[in-house]
2 protein chains.
Amino acid sequence: MPTTSSVIKKRAAFDVGCEVCENYNCLIKKNLLLTAGSDALLKRSIRCKKGQQFIIEGAPVNGLFFVLKGKVKVFRTGINGKEQIVRFAKEGEIIGHRGFGTEEYYSIGAIAIENTVLCYFSKSVLQEALLSNAKLAYDFMMFYADELNRSESKVKSISQMTVRERVIDTLLYIHRKFGVNKGYLDVVLSRKEYADHAGTTEEQVIRVFSALKTEKLISASGKKIAINDIQGLKNEISEHNFYLDS
Amino acid sequence: MPTTSSVIKKRAAFDVGCEVCENYNCLIKKNLLLTAGSDALLKRSIRCKKGQQFIIEGAPVNGLFFVLKGKVKVFRTGINGKEQIVRFAKEGEIIGHRGFGTEEYYSIGAIAIENTVLCYFSKSVLQEALLSNAKLAYDFMMFYADELNRSESKVKSISQMTVRERVIDTLLYIHRKFGVNKGYLDVVLSRKEYADHAGTTEEQVIRVFSALKTEKLISASGKKIAINDIQGLKNEISEHNFYLDS
DNA sequence: GCATAAATACGTATTTATACTTAACAAATT
DNA sequence: AATTTGTTAAGTATAAATACGTATTTATGC
């Protein structure tokens with residue numbers, strides 16, 4: 001345990017203060033600690049079990065989350081409860097888009113897809129930090145601009161790709177986002193979750209996976225998916241992505 | 001003509017300096033003029049005729065545009081040249097998402113859909129302004145966060161709505177964005193453009209419009225579309241939008 | 001370790017939605 | 001008047017969703 005100069009606060013093991021946090025992808029860690037010293041007060045750590053929902057669509061907004069450790073899916077629920085996964089998030093990423101703005105309610109839901117530790121910053125604290133630190137606000141802006149880029153890219157994809165292409169696109173996205181561990185994609189998702197991201201049904205995903213397995217492009221052991229020929233997959237959707245690879 | 005204290009520069013009529021600009025929705029106008037005085041130097045005004053493309057997908061990024069006057073469509077071109085309109089922009093809005101960042105190339109294209117005047121800010125000027133003015137950066141961030149929200153909402157729509165619903169959704173979006181003038185939507189779009197925004201084909205749009213006309217929900221006189229029963233339209237897609245109305 | 005439930009992996013047939021094609025005609029533009 | 005663009009319609013092809021069934025594998029509780 002590191003000794004901070006001031007009082008040691010009561011903390012669970014997972015409740016790491018910003019000053020000792022290892023997560024240098026975190027915009028807060030990157031920017032705020034360079035100037036002020038007392039940032040430990042700002043945040044609260046929250047632990048989520050796999051499957052636990054920590055943002056509910058329509059609930060009042062009161063802050064913003066960072067993923068300290070773990071993985072999260074961000075979604076919107078449509079008619080008849082069909083869920084559209086708008087993105088996944090891993091360590092260092094921000095959840096709760098407008099947690100500091102004028103929006104009254106969350107327009108997305110978020111569920112931990114494995115055991116996850118979140119850092120929570122309240123609206124007011126964050127707003128103050130952003131307005132007093134131009135670099136921090138700038139980095140936040142860049143984060144959103146990037147996400148916007150990706151999202152608009154996805155709008156195009158979904159409206160122009162076939163189911164097969166969308167499933168492949170999702171596989172490549174997961175590969176980029178979470179990478180590979182021991183040959184398998186380093187995240188465990190159900191077929192339903194692949195479907196919810198690709199904007200199709202579970203059955204279609206299973207069918208496409210079967211075809212891809214037959215074609216030796218991927219292989220699977222239960223929920224663990226391995227990509228055997230990433231270039232082969234990329235080729236199939238390359239015509240859709242002239243300029244962007246994100 | 002207002003008299004600025006310093007030298008009067010050579011300017012075309014449309015090339016309005018920030019100091020006399022009437023566009024108080026503009027983030028630059030709103031934030032920067034309050035502090036610095038010499039902003040007229042920062043920007044260049046560019047005039048576009050209807051139909052003129054001023055951002056080409058894949059071209060090198062060197063700055064960012066504001067719409068001073070007029071209307072613009074922002075799109076991505078997919079396979080076989082099919083174009084997906086990701087959004088429309090009107091006075092005060094920003095075009096060219098990452099015009100100040102590290103991105104090398106524009107990932108979107110932009111075309112003026114009527115005669116338009118743009119203000120152009122170079123990458124470096126803008127970056128400097130953002131990093132020295134937290135409120136400006138904050139406002140930019142909010143703009144992108146909003147756009148992200150809308151875009152993710154659209155991802156959901158496209159993957160869960162029927163063609164009819166998507167066309168209605170587009171009509172309502174246009175209504176919110178551009179409003180009504182003399183009973184008609186205050187923008188002239190082709191059926192193709194409605195289709196490109198709704199992620200469908202021109203013929204489908206025409207078919208849906210026909211049906212909506214029969215049902216007295218809309219009426220049309222050529223390209224001018226009037227919404228007769230906005231609540232009726234909203235009802236059809238209300239199940240998809242529990243929480244968000246943007 | 002075993003029983004049971006749940007998820008996964010197919011197959012196939014039906015229905016529906018959407019896309020594509022063509023053609024004829026109207027309207028607007030030059 | 002000629003040409004382009006927009007509109008409407010109808011028919012066909014295709015893609016996708018839906019609804020089955022059923023074996024197999026994988027979790028989970030006891």
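Order of the sequence lines sets the chain letters (A, B, ...), proteins ahead of strands, with each chain counted from 1.
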Select base, sugar-phosphate, or nothing to describe what B:K223 touches, counting heavy atoms under 4.0 Å on all strands. sugar-phosphate

A:S221 or B:R207: which one's nearest nucleotide on DNA chain D is closer to the 5' end? B:R207

Measure CD1/B:I206 against P/C:dT22 and give the value in whole Å, please. 17 Å

Closest-nucleotide mapping onto DNA chain C: is B:V163 or A:S190 further toward the 5' terminus? I mean the 5' end. A:S190

Please confirm whether the shortest side-chain N or O distance from B:T200 to OP1 or OP2 of C:dT18 is below 4.0 Å. no

Interatomic distance, A:Q160 CD vs C:dC20 P [rounded to whole Å]: 11 Å

What is the nucleic acid contact for A:E202, judged by heavy atoms within less than 4.0 Å: base, sugar-phosphate only, or nothing? sugar-phosphate

For A:R191 and A:S159, find the nucleotide of DNA chain C closest to each by heavy atoms; which residue's nucleotide sits nearer the 5' end? A:R191

Between P on C:dT16 and CD on A:Q204, what's the gap in Å once rounded to a whole number? 17 Å

Identify whether any heavy atom of A:K224 sits under 4.0 Å from a base atom; if not, whether one sits that close to sugar-phosphate; answer base, sugar-phosphate or nothing. nothing

Answer yes or no: is there an ion pair linking B:E215 with B:R164, defined by an N-O contact shorter than 4.0 Å? yes

Just distance, no hydrogens or angles: give the donor-acceptor pairs under 3.5 Å from side chains in residues 198-211 of chain B, sequence neighbours left out.
| residue | atom | partner | partner atom | Å |
| --- | --- | --- | --- | --- |
| B:T201 | OG1 | B:Q204 | N | 3.4 |
| B:S210 | OG | B:I206 | O | 2.9 |

Using a strict 4.0 Å threshold on nitrogen-to-oxygen distance, state whether B:K90 and B:E93 make a salt bridge. no

Pairwise side-chain contact, A:S157 with A:R166, heavy-atom cut-off 4.5 Å (strictly under): no

Can A:E152 and B:H97 be counted as having a side-chain donor-acceptor contact under 3.5 angstrom? yes

Would you give me the side-chain donor-acceptor pairs under 3.5 Å for residues 179-190 of chain B, sequence neighbours excluded?
| residue | atom | partner | partner atom | Å |
| --- | --- | --- | --- | --- |
| B:S190 | OG | B:K192 | N | 3.4 |
| B:S190 | OG | B:E193 | N | 3.1 |

Segment of DNA chain D, first to last nucleotide, that comes within the 4.0 Å heavy-atom reach of chain B: D:dG6 to D:dA10

